[in-house]
2 protein chains.
Amino acid sequence: MKTDTVFKRAFNDAIDLMSRLEDGEPLPSENTLSIRLGVSRTTVRKVIASLKASGVISGAGRERNVHPASEAMHRFPQDETVPMAAQVEERFMEWLLRDNARPGTAINELDLARKFGVATTGIREFLNRFQRFGLIEKRPNAGWVFKGFTTSFALELFEIREMFELRSARALAALPDSSQHWRQLEALRQEHLALLAEIETRYHDFSDLDSRFHRLISTAAPNRFIDSFYDIITVIFHYHYQWNKHDERQRNEVAIREHLTYFEALFSRNISMVELACRAHLSSARDTLLRSTSGQ
Amino acid sequence: MKTDTVFKRAFNDAIDLMSRLEDGEPLPSENTLSIRLGVSRTTVRKVIASLKASGVISGAGRERNVHPASEAMHRFPQDETVPMAAQVEERFMEWLLRDNARPGTAINELDLARKFGVATTGIREFLNRFQRFGLIEKRPNAGWVFKGFTTSFALELFEIREMFELRSARALAALPDSSQHWRQLEALRQEHLALLAEIETRYHDFSDLDSRFHRLISTAAPNRFIDSFYDIITVIFHYHYQWNKHDERQRNEVAIREHLTYFEALFSRNISMVELACRAHLSSARDTLLRSTSGQ
DNA sequence: AAATTGTTTTTTATCGATTAAAAGTCATCT
DNA sequence: AGATGACTTTTAATCGATAAAAAACAATTT
């Protein structure tokens with residue numbers, strides 16, 4: 001049956017929302033809450049009913065008021081708020097990276113379903129979506145094979161990445177001064193400088209900044225296939241960072257400096273400088289990734 | 001439950017196989033048949049049992065013999081030999097192109113399941129795989145939207161296609177004379193010439209030749225992401241050709257001539273000629289596709 | 001001993017059912 | 001005119017079951 005993760009997440013979010021209101025303030029309209037919480041009115045009403053039971057909301061009909069949600073207010077645990085499909089991804093990546101990283105490993109739907117405590121259809125659905133990452137392959141009527149987090153995977157990934165990024169960077173550099181992108185780029189540059197200043201303590205925050213930087217570049221000339229490829233990059237790097245903590249602080253510091261050079265190049269509008277900075281950064285990122293592959 | 005399309009296809013193939021043997025000849029081993037028919041031995045045994053019932057095979061155990069399968073021999077109809085998942089693709093593309101081509105159309109899993117006579121999970125699985133084609137988008141908890149076979153779709157598709165193909169064509173031109181590719185290329189060129197000679201009657205055969213030509217080029221420097229993109233191109237063109245018959249003969253003749261120029265350029269190993277021929281061909285292919293999009 | 005056939009176990013493809021969430025209806029209130 | 005209440009209807013997410021196909025194992029035969 002369908003899980004009620006949507007309701008639980010909305011419930012938790014609603015508590016946060018309420019606690020930002022004054023005691024006794026009237027409850028916003030159901031439609032307003034529906035938009036704020038990103039769920040349908042049906043779900044909003046279910047949340048309101050629960051909050052009334054917990055005393056966070058009093059009254060009824062048009063006369064409903066908010067009351068301070070105590071800090072210790074019962075919330076649903078984090079993992080009950082994430083839909084099965086999303087959990088499968090997490091658990092699968094962990095399984096892939098931790099236990100069975102050998103190229104050629106057979107992936108067994110039934111086995112994974114049991115391990116993860118979900119029905120086989122959930123696993124199938126995930127594997128079908130995950131196929132586009134180029135890490136698994138289907139054998140009709142006979143399951144899936146893990147092709148391995150190999151050197152050739154990293155090389156092929158970066159070949160495409162470089163093609164796409166060079167193309168986007170060139171498009172960005174050619175944008176008129178009036179374009180919004182330059183302001184966004186400058187704001188992002190400031191964030192880089194701020195992070196660099198506190199690199200000793202905040203170095204984990206780079207992963208997110210990195211993804212936002214490259215995605216911003218790609219918006220200079222939108223293309224759905226490129227955007228979708230960035231999703232792959234983002235996921236691969238997300239799990240790669242989580243897995244390989246070696247030298248993380250230093251690696252990230254180097255990458256920030258490369259980004260800063262890249263920023264300069266972009267602001268200069270000089271195409272060959274842009275290409276140089278882009279290539280330099282990507283090849284260093286590739287080398288990092290290559291170091292954690294399994295050969296071949 | 002699982003359908004027995006694998007068995008039915010194998011059964012039909014087995015009849016063809018048997019009819020190429022002499023009357024009374026011993027039946028090839030189950031393992032041999034398993035390889036020939038591309039199914040497991042389990043299925044082979046099921047096929048043998050059926051063929052025995054039909055009198056095409058006599059005897060038992062190690063003493064089995066083949067008998068001439070009469071021309072009128074019962075075969076399973078074509079559409080019982082294709083698995084549900086493959087049928088869904090066909091029906092979906094038809095539905096998309098024939099009935100509801102409007103951008104923004106909501107795609108309803110339940111509705112499609114009823115229309116196509118399959119369970120909702122089959123539709124879900126298909127849509128999840130089809131997502132990578134860039135034509136549909138998921139709205140969590142609220143179905144899918146058809147983004148439309150629009151001008152921007154065609155432009156974005158061809159931007160990537162050109163990047164990939166130029167890169168592969170350059171790699172091909174740089175291959176040593178000793179490479180297998182040159183022979184394969186020459187064989188393909190001959191097929192082009194043969195087709196051109198009979199263009200009036202055989203013009204439909206171009207679609208397949210086109211796909212093989214571009215795929216051959218891409219094998220010069222294999223990359224899983226590029227290969228997977230070619231799957232998209234192939235499917236889009238397959239259905240596009242099926243749908244838009246306008247000027248087909250003439251369009252294909254033009255394309256063959258463009259291919260021939262492209263062949264010449266490749267054989268000459270002259271990079272700028274290759275680029276020229278490649279760009280010319282792709283831009284003409286793009287224009288053809290653009291003519292059947294729905295604008296935007 | 002290697003190949004072949006016979007038997008049993010495991011796994012995939014597909015269905016149908018169930019619950020949560022979204023979407024819709026419509027009368028009532030303010 | 002917009003909000004709410006009180007439904008009803010439709011649709012998506014998820015489960016578990018079942019038959020087909022594959023894979024593994026065992027028993028023969030040459």
Side-chain angles (χ1 to χ4, degrees), chain A residues 1-10 26-34 38-49 60-64 83-88 106-114 117-128 138-144, chain B residues 1-10 26-34 38-49 60-64 83-88 106-114 117-128 138-144:
Chain A
M1 99 206 82
K2 202 169 179 174
T3 54
D4 57 354
T5 53
V6 171
F7 160 70
K8 285 175 174 167
R9 189 188 49 70
L27 184 72
S29 89
E30 292 178 356
N31 279 314
T32 310
L33 289 173
S34 159
V39 297
S40 69
R41 188 156 80 94
T42 309
T43 304
V44 166
R45 302 192 94 235
K46 213 174 140 188
V47 168
I48 291 177
R62 261 150 267 247
E63 290 297 324
R64 287 183 294 207
M84 180 273 273
Q87 281 186 57
V88 168
I107 295 169
N108 185 312
E109 295 178 2
L110 201 58
D111 185 42
L112 287 182
R114 282 195 279 249
V118 299
T120 51
T121 35
I123 301 290
R124 271 176 88 68
E125 186 178 320
F126 167 73
L127 293 174
N128 271 310
K138 192 178 178 67
R139 301 274 169 84
N141 290 309
W144 303 78
Chain B
M1 98 209 81
K2 204 169 178 174
T3 54
D4 57 354
T5 53
V6 171
F7 160 71
K8 285 175 174 167
R9 188 188 50 71
L27 184 71
S29 88
E30 293 177 356
N31 278 314
T32 311
L33 289 172
S34 159
V39 296
S40 70
R41 194 160 72 86
T42 309
T43 305
V44 166
R45 302 192 95 233
K46 212 174 141 187
V47 168
I48 291 177
R62 262 150 263 245
E63 290 297 324
R64 287 182 293 205
M84 180 271 273
Q87 281 186 58
V88 168
I107 295 170
N108 184 311
E109 294 179 3
L110 200 59
D111 185 43
L112 287 182
R114 282 195 279 249
V118 300
T120 53
T121 36
I123 301 290
R124 271 177 89 70
E125 186 177 319
F126 167 74
L127 293 174
N128 271 311
K138 192 179 177 65
R139 301 274 167 86
N141 290 307
W144 303 77

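Worth knowing before you read on, the calculation uses all heavy atoms, side chains too, and leaves out hydrogens, waters and symmetry mates. Predicted model, so just to flag it, every value in this text is computed and none were measured. A, B, ... follow the sequence lines: proteins, then strands. Residue 1 opens every chain.
- You can see that DNA chain C meets the heavy atoms of chain A within a 4.0 Å-exclusive cut from C:dT11 to C:dT30, reading 5' to 3'.
- Here D:dG2 presents its P atom at 20 Å from CG of A:L27, a figure rounded to the nearest Å.
- For the atom pair CZ of A:R9 and OG1 of A:T43, the computed distance is 9.5 Å after rounding to the nearest 0.5 Å.
- When the P atom of D:dT4 is taken as reference, atom CG of A:N31 falls 7 Å away, rounded to whole Å.
- B:A113 approaches B:A119 most closely through the heavy-atom pair CB-C, 4.1 Å.
- Looking at which nucleotide of DNA chain C each of A:V44 and B:R45 is closest to, the 5′-most match is held by B:R45.
- A:I48 places its CD1 atom 13 Å from the P atom of D:dA6, with the value rounded to the nearest Å.
- Taking atom CD of B:E125 as the reference point, atom C1' of D:dA12 lies 16 Å away to the nearest angstrom.
- At least one side-chain heavy atom of A:N128 sits under 4.5 Å from a side-chain heavy atom of A:W144.
- Residue A:A60 is in sugar-phosphate contact alone, with no base atom involved, counting any heavy-atom pair closer than 4.0 Å across all strands shown.
- When rounded to the nearest whole Å, the span between CZ of A:R114 and P of D:dG16 equals 13 Å.
- In this structure, A:I107 reaches the sugar-phosphate backbone alone: every heavy-atom distance under 4.0 Å involves primed, P, OP1 or OP2 atoms, never a base.
- The side-chain contact (heavy atoms from CB on, under 4.5 Å) check on A:R62 picks up nothing, with sequence neighbours excluded.
- Across every non-hydrogen atom of B:S40 and B:S34, the tightest pair is C-OG, 4.0 Å.
- What you find for A:A10 and A:V39 is that their closest heavy atoms are CB-CG1, 4.1 Å.
- In this model, the phosphate group of D:dA12 is approached by a side-chain N or O of B:N108 to a distance below 4.0 Å at OP1 or OP2.
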Scan nucleotides 21-30 of chain D nucleotide by nucleotide, 5' to 3', and note B when protein non-hydrogen atoms come under 4.0 Å of the base, S if they reach only the sugar-phosphate, - if neither. SBBB---BS-
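- Residues A:E109 and B:R64 both approach DNA chain C. Their nearest nucleotides, taken by heavy-atom distance, put B:R64 toward the 5′ side.
- Under the 4.5 Å side-chain criterion, counting only non-hydrogen atoms from C-beta, A:R114 is not in contact with A:N108.
- Between A:M1 atom CE and D:dT11 atom C1' there is a gap of 17 Å when expressed in whole angstrom units.
- Comparing A:G117 and A:E30 against DNA chain D, the residue whose closest nucleotide sits nearer the 5' end is A:E30.
- Nearer to the 5' terminus of DNA chain D, by closest-nucleotide assignment, is the contact made by A:G61 (compared with the other of A:G61 and A:A119).
- Contacts of B:G122 with the nucleic acid, taken as non-hydrogen atoms under 4.0 Å apart, are absent.
- With sequence neighbours excluded, the residues forming a side-chain contact (heavy atoms from CB on, under 4.5 Å) with B:R64 are B:L27, B:E30, B:I48, B:K52, B:I57, listed by chain and number.
- Across the helix from C:dA1-D:dT30 to C:dT30-D:dA1, the helix axis at one end is tilted relative to the axis at the other end by 30° (nearest 10 degrees, each axis from five pairs).
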One pair to check against side-chain contact (heavy atoms from CB on, under 4.5 Å): B:T3 and B:K8. What are the steps and the verdict? CA-CA 10 Å; B:T3 54; B:K8 285 175 174 167; over 6 Å; no
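- Judged as a salt bridge (charged side-chain N to carboxylate O under 4.0 Å, His left out), and not counting sequence neighbours, the contacts of B:R124 are A:E125, B:E109.
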Evaluation steps, side-chain contact (heavy atoms from CB on, under 4.5 Å), between A:K2 and B:N141: CA-CA 10 Å; A:K2 202 169 179 174; B:N141 290 307; 3.6 Å; yes
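- Here the P atom of nucleotide D:dT10 and the CG atom of B:L112 are 17 Å apart, to the nearest Å.
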